[in-house]
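Values below: all heavy atoms of this structure, side chains included; hydrogens, waters and symmetry mates excluded. Each chain gets a letter, A, B and so on, in the order the sequences are listed, and its residues count up from 1.
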Amino acid sequence: MDIPKQYSPKETEEKWLSFWNKNKFSHASCQNGGESYAIVIPPPNVTAALHMGHALNNTVQDILIRWRRMQGYNTLWMPGTDHAGIATQNVVEKQLARENRSRDDLGREKFIDHVWKWREEYGGKIINQLKKLGCSCDWERERFTMDEGLSRAVKEVFVRLYNKGLVYQGDYIINWCPRCHTALSDEEAEHRDLDGALYYINYTVKDTGEKITVATTRPETMLGDTAVALNPKDERYAKLKGKKIVLPIVNREIDVIGDEFVDTSFGTGIVKVTPAHDPNDFEMGLRHNLPSINVMNHDGTLNEKAGPYKDMDRFHCRKQLVEDLKESGYLVKIDKHQHAVGHCYRCHTIIEPRLSRQWFVKMKPLAEPAIKVVLDKKITFLPNRWEKVYLEWMTNIRDWCISRQIWWGHRIPVWTCQECGKLTVAVDDPTQCASCKSKNLVQDNDVLDTWFSSWLWPFSTFGWPDVTPDLKFFYPTNTLATAPEILFFWVARMIMAGLEFMGDIPFQDVYLHGTVRDDSGTKMSKSLGNTIDPLDVIEEFGADALRFSMISITAQGQDVYLSPSKFEIGRNFANKLWNASRFLLMNFGEETESFTPYKKEDLSSDDKYILGLLNKTIKGVTEALEQFRFNEAAQIVYDFFWHSYCDKYIETAKPVLYGDDKDAKHTTRMVLFDVLNQTLKMLHPFMPFISEELWQLLHSIFPDDTELANYKSIMVAPWPKSDDAMIDDTIINRVDQKFEMVSAGRNLRSEYDIPPSSELTFFIKPETGELQSYFVSELIMLKKFLRASSITIDTEFEPQSGLPSAVVKAGTIFMSLEGALDAEKESDRLEGKLDKLRKALMGIRKKLSNQSFVNNAPANVVEKERGKEAELSEQCEKIEQNLAFIRSLLK
RNA sequence: GGGCGAUUAGCUCAGCUGGGAGAGCACAUGCCUUACAAGCAUGGGGUCACAAGUUCAAAUCUUGUAUCGCCCACCA
């Protein structure tokens, strides 16, 4: 068989992708029954291109899904995309702008048509990219948050909440993005510390002409001031109470109010009150019945209320106003001042707090049960610390502003009657007013927050509000894997929605992985230009390499630091797998051999050794996966495969394979096959493509092997089960001692600079007779590993001339030298070794002579120390003997 | 202002319920040994940020300090 020395992922990945797709291995049906295991994908935005965050997120999910599928669960991974209201509208508007057109040129209906067309043409390309990554979603079920079904769920939810009094319309201060021209929720406002200024401005007291100074960070809002506030305890308040204050420049008269909110120690202790542009001022306005003056347009320019500043941009106005105040002598001073400023999470424009009529969801009643299920451990967070973050947010939850002044999204199902002015709220478009029966209805112009559809994702994707068989079977889902960034946006809200509308939790485990950063620790983002494109990595290293590398460096919930060189881990590992398999294929191909599994009684100690370690590995990997310790699972298989199977077992197998004993050969082949087969299965969730390729190749060697015929794909082959009966620690320990002896011999060779090409004579003095007979039976092996022409094994061996030696657990190994021994060098070498051992021994002896250690430490710990003490002192003694002999040569 | 995370080898990081400091990369030396140079063998390298405490025993638990990073918060 002619197989290239290097694994090239490209064709392999394409081949199996279409194979899986054709055979629909990832399609789930509730009719197959069994125990369900379901994950709903965090739907990426339709506008998205695959980035490393997606790659990590979806690799984690695919590992879980593939693993559970192999374990025999009825497994479903529900895929789909999010319509991403503002983000998508922005993208399409930008595209229009390039053609010198705006959404207003098109008008609402045509614009929405245009977005749908855009989606068909360019949107959802991320789905194909996820396929390339190897994601085994049930692609037949792909959903979109604006699908007909999901849209119905959205309306249903709105109506239900409205009827329950949990959705209401009101005038409040909301976060307004002057660039997107829409309201945002509190979560959509990102607070960033900015170096701003605190402006001190003089206002005039009308009667007395006296000046009072207020401090503000946003002087332009002065134009909308309707009062000046002091703390009632402030003695200045008594003097000013009832007086009128004249606003500079605009010369409008406003009142003085007393309010506990005012902090006497901040600024001047006198606050300008702008109810239409500040949440605190708004509250004060309500308390004191103040008028609200909104001085801004929706695009952040000043309106007619701003007098001379009309049509000016808010920041231009600020500059001009400060200039004017300075000129007219009202500006006292400007202090540097750092403060948190809200930014639009979509376009990063500075948000304007603005009084506006919007729709809200009352959250407290929804939050209560969602707090309870977490406290009751019905939902667990991994890592656990996120539970606290979740509870903190939930307990201090504020109402959710859900209306958006954009066009792309779910239109609010509310109609206003033009006759009686009453509202009709309905799932199906009403033909007449619910109260006066007039047909003259106008639908609310706004659409809903994107998250108002995604919070229903775990059940809307199964057909809710219909109680479908899928919904009954797969809900609640099992695991949700996502990034902590959307804990509040999405995870928390899904829990609330699940409980409210399904009466049950949406998922049991929430696995929150870290954020992907570049190797300087900066979050990867397109705008910073520090991204690594996963598709480039797939192109260069392969999807398996990308997945394996990323997972093996991702500790549970810690952030991931990526640089291109990291992907070599996975690429090299894939290549190692490739070559080990190549070795098997080369040695299996020569004769058609029937597939007869090895018999336990025919196994050599090396066979038992590797099978023992295999079973330990299966146990370790399975446990690690159960605990969501993906990096550990990957590490365990990696280490087993590379350092035990390849470095040790394949090497011990070679003399057998190249020898004449047909039965031994067959047994060895079957063990080689079995162990690699099981390893490939364990690796499948991590490296789906190469594991499939090699599994298919290996199984195709044996015409009478049934696994390939039974399962057709490793994807649905059974997950390995560990068998304790296969783990014999005595044998594992003995074989380990053999390898330790080999290493000691190799070390001697290396320290004496003897090239591997020259064959040497070794003498092994085993510790016990039992080891002697074991080593004798392993003579061929030992000769191969040590590149020795002859090895003498004798418990009574005493060197007649000076020989370099090394002491290990199993005994002493001596190396013959062609020329005479440099006794001085050897004595130095031995002294060095002895020194190290003695230091270790001293530490242990000190411990053991400590009465409180012996009395207080558990018996097994003390016993272990005693064992170590015996072992080390014996080794020291032997080295001392050897050293004495060498020294005698020096005299 | 509150909360959280990180600090371990030159670099990137593991180290779960306290009991022998680990991996990968890099480095040094030697090897194209009939699976693999994307490899093999051998080796060097760490006051586990600092300080105090609990304990027979601390990288691991407690408290505090420092540095970096993140999240939340309506002091104008």
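Contact check, A:R582 against B:C36: a side-chain N or O comes under 4.0 Å of OP1 or OP2. Residue A:K576 places at least one side-chain N or O closer than 4.0 Å to OP1 or OP2 of B:C40. OP1 or OP2 of B:G24 has at least one side-chain nitrogen or oxygen of A:H643 nearer than 4.0 Å. Contact annotation: A:K836 reaches the phosphate of B:G44 (side-chain N/O to OP1 or OP2, under 4.0 Å). Residue A:W578 places none of its side-chain N or O atoms closer than 4.0 Å to OP1 or OP2 of B:G39. Distances shown here put every side-chain N or O of A:N396 at or beyond 4.0 Å from the OP1 or OP2 atom of B:C72. The phosphate of B:C4 (OP1 or OP2) has a side-chain N or O of A:K388 nearer than 4.0 angstrom. For A:Y658, a side-chain nitrogen or oxygen approaches OP1 or OP2 of B:A35 to under 4.0 Å. Contact annotation: A:R398 reaches the phosphate of B:A73 (side-chain N/O to OP1 or OP2, under 4.0 Å).
Under the Watson-Crick or G-U wobble criterion, with both distances below 3.5 Å, B:G22 is paired with B:C13.
Computed from coordinates, the A:R746 CZ to B:C31 P distance equals 16 Å when rounded to whole Å.
Panel note: side chain A:S549, backbone A:L546; no donor-acceptor pair is recorded below 3.5 Å. At distances below 3.5 Å, not a single donor-acceptor pair connects side-chain atoms of A:D281 with backbone N or O atoms of A:A276.
Of the two residues contacting RNA chain B, namely A:I553 and A:E568, the nearest-nucleotide position lying further toward the 5' end is that of A:I553.
Both cation-pi conditions hold for A:K654 and A:F583: the charged atom is under 6.0 angstrom from the six-membered ring centre and inside a 45 degree cone around its axis.
Residue A:F261 is in base contact, counting any heavy-atom pair closer than 4.0 Å across all strands shown. At the heavy-atom level, A:R749 lies nowhere under 4.0 Å from the strands shown. Within 4.0 Å (heavy atoms only), A:D263 reaches at least one base atom of the nucleic acid. The residue A:Q635 sits close only to the backbone: its heavy atoms come under 4.0 Å of sugar-phosphate atoms, none of a base.
Taking the six-membered ring for Trp and thresholds of 30 and 60 degrees, A:Y638 and A:F573 have ring planes inclined between 30 and 60 degrees apart.
For A:K5, counting side-chain heavy atoms from C-beta on, the closest listed nucleotide (B:A37, B:A76, B:C56) is B:A37.
Using modelled atom types, one finds a donor on one side chain and an acceptor on the other under 3.5 Å when comparing A:E392 with A:N396.
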